[in-house]
Amino acid sequence: MAWLVLIISGLLETVWAIALDRSAGFTRPAPTAVFGVAVVLSMAGLGYALRTIPVGTGYAVWVGIGAVGTALVGMIALDEPASLPRILCLLLVITGVAGLKYFH
């Protein structure tokens, strides 16, 4: 159960990162509200997961999911560059996160 919560919390990190960008410095109410809810839920989920998953592994997986998710949203929906080197680097992050889970 902790791993499922950790994965969902990592996905929520993507949500709050994109909402933070869209909030324009907290001047737009809807993205600011999405940011606030997502960051609280993401942190709460991380805290729950860290009760049974070691902090080094849990935090790295959480950040990895959030970073990869945010970069993918940027490339797919926000017209950020989707070059081969960027995609290969994201694959390296995914490999590292999978390795941390596998060797846990």
Side-chain angles (χ1 to χ4, degrees):
M1 183 65 161
W3 282 100
L4 177 62
V5 171
L6 183 63
I7 291 167
I8 292 168
S9 295
L11 294 172
L12 283 168
E13 185 185 2
T14 297
V15 171
W16 69 251
I18 297 300
L20 179 61
D21 175 61
R22 294 298 175 208
S23 75
F26 302 115
T27 60
R28 298 177 62 216
T32 298
V34 170
F35 165 79
V37 170
V39 76
V40 167
L41 291 175
S42 181
M43 293 291 175
L46 175 63
Y48 173 83
L50 292 182
R51 295 188 326 187
T52 56
I53 298 171
V55 68
T57 301
Y59 183 74
V61 169
W62 179 76
V63 168
I65 292 169
V68 169
T70 304
L72 287 175
V73 169
M75 286 188 271
I76 293 168
L78 304 177
D79 295 323
E80 293 180 6
S83 65
L84 182 60
R86 287 188 73 180
I87 293 168
L88 290 175
C89 288
L90 290 176
L91 289 173
L92 288 172
V93 173
I94 293 167
T95 302
V97 167
L100 287 171
K101 166 64 171 113
Y102 178 76
F103 293 113
H104 166 70

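Side chains included, hydrogens not; waters and symmetry mates left out as well; all remaining heavy atoms used. Values in this document were obtained by computation on a predicted structure and should not be read as measured data.
Residues that satisfy the side-chain contact (heavy atoms from CB on, under 4.5 Å) test with S83, not counting sequence neighbours, are P85, R86. Legend: residues meeting side-chain contact (heavy atoms from CB on, under 4.5 Å) with T70, ordered by chain and number and at least two apart, are T14, A17, I18. Listed by chain and residue number, T27, R28 satisfy the side-chain contact (heavy atoms from CB on, under 4.5 Å) test with A24 (two or more places apart in sequence, or in another chain).
No chain of hydrophobic side-chain contacts below 4.5 Å, direct or via other Ile, Leu, Val, Met, Phe, Trp or Tyr residues, connects V73 to V37. Side-chain heavy atoms closer than 4.5 Å link hydrophobic residues (I, L, V, M, F, W, Y) into clusters, and following such links, even through other members, never connects L78 to V68. When hydrophobic clusters are built by joining Ile, Leu, Val, Met, Phe, Trp and Tyr residues whose side-chain heavy atoms come closer than 4.5 Å, directly or via intermediates, L72 is not grouped with L12.
For the residue pair F26 and T32, the shortest heavy atom distance occurs at CA-OG1, 3.4 Å.
Looking at L41 and W16, their side chains never come closer than 4.5 Å, going by heavy atoms from C-beta outward.
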What pairs of donor and acceptor atoms, side-chain ones from residues 91-103 against any protein atom, are under 3.5 angstrom apart with sequence neighbours left out?
| residue | atom | partner | partner atom | Å |
| --- | --- | --- | --- | --- |
| T95 | OG1 | L91 | O | 2.8 |

Please tabulate, for side-chain N and O atoms in residues 45-67, each donor-acceptor pair with protein atoms closer than 3.5 Å (sequence neighbours left out).
| residue | atom | partner | partner atom | Å |
| --- | --- | --- | --- | --- |
| W62 | NE1 | S9 | O | 3.3 |
| W62 | NE1 | S42 | OG | 3.0 |

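Residue pairs meeting the ring pair (Phe, Tyr, Trp, His ring centres under 6.0 Å) criterion with at least one member in residues 66-91, sequence neighbours excluded, do not occur.
Rounding to the nearest 0.5 angstrom, the gap separating the CD1 atom in I8 from the CG atom in L4 is 4.0 Å.
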